[in-house]
Amino acid sequence: MTKAIGSPVARVDGHLKVTGKARYAAEFNQPRQVYGVIVGATVGLGRVRNIDEASVARLPGVLAVVSHKNAPRLPYNPHKSGIDPATGERLHVFQDDVIRFYGQPIAIVVAESLDQAEYAANALKVFYDAEVPETDAHDAARIVPEAIGRSHAGAGRGDAEAAFEKATMKVDLEFVIQRENHNPMEPHATIASWEGDKLTLWSKSQFVVNEQAEIAAIFGMPAENVKVVCPFIGGAFGTSLRTWPHVTVAAIAAKLVGRPVKVVLTRRQMFFTTGHRPYTIQRMAIAAEPSGKLVSIVHDGAGETSRYEEFMEALTAVTPFMYSCPNVLTSYKLIPLDTSTSTYMRGPGEASGMHAMECALDELAYKLKMDPLELRRINEPAIDEGRNLPFSSRQMLKCYDVAAERFGWSKRTPEPGSMTDGRLRIGYGMSTASYPCLFYQANARARLLSDGRVEVEAAASDMGPGTYTSMTQVAADTLQVPVDRVTFALGRSDFPATPPHGGSMTMASVGSAVRAACLDLQAKLVAAAVSDRGPLSGLQPDAVEWREGLLVKIADRHRGHRFEDIISAAGLNELVGEGSATRAQDVNEKYSMHSFGAVFAEVAIDPDVSIIRVRRLVGAYDVGRVVNPKLAESQCIGGMIGGMGMAIMERTVLDRRNGRPINAHLADYLVPVNLDTPKMEVHFIEGEDTIANPLGVKGLGEISLVGVSAAIANAIFHATGKRSHELPIMIENLV
Ligand code: MOS
C-alpha cells in the first residue's frame, strides 16, 4: 500500500470548492433570517452625542436600530485563551457612548433584506462630540520615545552596547514597516440564531472553540449553550483568530429582533475592527569583526497597539538565536494609539523583526566586502545561544545550499547595478527565515462505522492549507487504509477541542491528536477482536498485529480480519477512538524548536518607467516532515506572494485628521495580482523532527512569508545601489 503521508494527495475538498458546494459562513442562510449592517463611527475619537433612530424607523423593511442606547448590558466575564487577552474582548461593544477609533461599531441596523439594511444604515443620522485622535505611530514614537507604552525589559547576553561601541565594522539602522491589513477573499461573516437561551453562530473563525468560549463569556452563559460552525474559510492569515466585535453585535441583534441575523462585513469594514499587522519601528545595530564574525546585535522594536488593549507579537523573538554572537540585547515597546487593536498577520512578529535583521546583515556584508550568504554561513550557531539549548533540528546550512544552488546565486556579481538585462537593472538578494515550531494540546475522535469507513473529527479549521486533506492522510496511514476510506470533519465547537488554526501549529498539534485517536481506535478494535465474540477470540492482544489494515494472528498471517467484520462479529454498530496530544513540558525546556528557511529573490528595475518587478523567488525550507508536498508547495507559494505584497505594495494609510483608513479598498490598498506574481520555486529539505512531535512536522504556513521582504529589499539594493529602510519599498523613495 502506498503511504499517504508524504504523497501529493489532491485536496479531498477540492471538488466541493470548485463546484461551489463548500459552504462558507455567510452561506448558511436560516429560515426567517434578516440582515444586519453595522454602522461605524465616522470620527476617530470622542462620544456619540445622539443616534436619531427616527431618521430610519419608517424606511421599508427596517426592524431595529441597536446601539448603546438599547442594547443589553453584558457581563463581559473574563475569558482566558491563547488568543484573546486574559480579560476577554476589551472593546465592550454597545456598552457606552465612547468612541475609541474610526469605524468602531456604534450601531447595527436590522432589516428584512440586505438592501434595506444597507440603505437604512447609510441614512441613519448620528451626532458626535469629536476629538482629534492620535493615530500616527511614527510621530508618537519620535515625540516621546521613553514615555510611550510598556517597555519590555531587554533580553540578551553579554554587553551588546559596549561591544557595538568598540567595533569598527558596524551598521546602526532604523526600519519602519507600515501597517498592513489582511485581505482574504472571504470577508468576515456571522449568522447568529437563538433558540431560547441557546445560540448558534455560523461564523468565519480560525478558532471555533475560542469563539464559543468568548461569546459565552461576553453574554455570561455556559459555553455549552453556544455552538460555532465554520467548515470552510476563504483565507484568513490571522484575521479570524479572534472573535471581533461583529460577532457579538450579530448575537445582540438576533436576540433583540427574535430572528436569525446575518452580518457580513464589507471590504471597507475589514479595515476597521478585524486587526492588522502593526506598524513597527525598529533599531537594528549589528557589529562584526573584519572576518565577519558577529560581535554585537542590538534590536529595539516598537509596535502600535490600541489604547484599550496591549497587542504584542514576536518582533524580537528570532534575534537572540538566529546567529552565533556573544553580545545580544533586545527590547520591545508598545505604542498605544487611538486605533483598533492590531493582531497576528501571517508570520506575525518574525516577518517584521527578521526583515530588519536580514536587511541590516546585507548592509553589513557590503561594508565587510563579503558575500551576504557567506556572512550568514560563518555565523551559523551550533546551539540556540539565547536559551543555551540544542535545537531539536536545524538544517539551516542545507537550506542555504539548496536555495542558492537552485537560484543560481554564484552568477551574482557583487557590485550594485552591475547586473543588467537589456535596459533593465537586475538585482539578486537573499534572506534567512525562521518561525517557531509551536504545539498546543489538541483532541480528536475517530469513529469506525459498520461499513468499515472511518470518520475522524476535531474542532480545527482549514483556512486554505489543506487541513481536511492532511488529516485524512494521517488517519489513513495510522490505520493502514486507503485515504478514500477516511473522512475528516472540522470546524465545529462541539467537536473535540483544538488550538487556534494559526501559528503553524495545526499539523503538529491536531495531526498528533488524529494519530492518537486512530491508535486508540485500533486498540479498541484489537480488544473487540480478541473478546469472546470476536473473530480472534481467545488470543492475547500481543498475539495479533495490523497488516495493511487487516488484523492478523501473528502466527498465521494469511487470514486477515477487516474492521467491519470485527465490529459486526462483536455486535457493535460503531466503535469510537479518542485521542489527545500534548508536548511534554520538559521537551519545551530542553530544546529550541523552529522551522528554518532561506529565500532568494531576483528583481528587475526598469529605470525609464520606474517599475520594480520581482522576477523570481526561490525558497528552501527545513520544516521537518512534509505530509503533502503538493499542498505544502502551494502553502509556501501563497506565503511568498504575501511577503512580496509586504515588500513592495501593502500599506494602510490613515487620515491623520480622524484616523480614517483612506485606502480601505482593493483599488488603493495594493496586493499582488497574477501579473505581479513571479516565478516561484519551493524546496523542502528532507528530514523529520520527532523531538518536536510524533509526526515529525515543524510547520510551514507562517515561515513561508518570513524573509521574503528582506530578500526582495536586498535585491532592490543590489539592482540600484539605493536602500529604503521603509516597507513597502516604493520606487519614488529610490529615484
Ligand atoms: Mo496565523 S498569523 O497565526 O493565522
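As the structure lists them, so they are numbered: ligands from 1, and atoms in each ligand from 1. Below, all heavy atoms of this structure are taken into account, side chains as well, without hydrogens, waters or symmetry copies.
Ligand 1 has no N or O atom lying under 3.5 Å from any N or O atom of Leu241, backbone or side chain. Ligand 1 has no N or O atom lying under 3.5 Å from any N or O atom of Tyr344, backbone or side chain. On a distance-only criterion, Pro348 and ligand 1 share no N/O pair closer than 3.5 Å.
Below 4.0 Å from some heavy atom of Gly238 lie the following atoms of ligand 1, by number and element: 2 (S), 4 (O). Each of the atoms 2 (S), 4 (O) of ligand 1 lies under 4.0 Å from some heavy atom of Phe237. Residue contact check: Gly502 has heavy atoms under 4.0 Å from atoms 1 (Mo), 3 (O), 4 (O) of ligand 1. Distances below 4.0 Å separate heavy atoms of Met463 from the following atoms of ligand 1: 4 (O). Taking every non-hydrogen atom of Gln206 and a distance limit under 4.0 Å, the qualifying atoms of ligand 1 come out as 4 (O). Close contacts of ligand 1 with Met345, meaning ligand atoms under 4.0 Å from a residue heavy atom, involve 2 (S). Interface atoms of ligand 1 facing Gly503, defined by a heavy-atom separation under 4.0 Å, are 1 (Mo), 3 (O). Atoms of ligand 1 found under 4.0 Å from any heavy atom of Arg346, numbered from 1 in the order shown, are 2 (S).
With Val176 as the fixed residue, the side-chain contact (heavy atoms from CB on, under 4.5 Å) test singles out one of Thr280, Ile281, Leu727: Ile281. Screening Val456, Asn443, Thr498, Thr472 for a side-chain contact (heavy atoms from CB on, under 4.5 Å) involving Val514 leaves a single residue, Val456.
At a heavy-atom cutoff of 4.0 Å, ligand 1 is contacted by the side chain of Glu702 but not by its backbone.
With hydrogens and angles disregarded, no donor-acceptor distance shorter than 3.5 Å links the side chain of Thr190 to the backbone of Val263. Arg651 places no side-chain N or O within donor-acceptor distance of the main-chain N or O of Met646, the cut-off being under 3.5 Å.
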Legend entry - Verdict with reasoning, Arg277 to Asn181, per side chain to side chain donor-acceptor pair (under 3.5 Å): CA-CA 6 Å; Arg277 189 192 300 283; Asn181 272 85; over 6 Å; no
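Side-chain contact between Ser340 and Tyr308 is present, with at least one heavy-atom pair separated by less than 4.5 Å.
Using a 30° and 60° split on the angle between ring planes, Phe321 and His594 fall in the parallel class, below 30°.
Ring-centre distance between Phe391 and Phe596: below the 6.0 Å cut-off.
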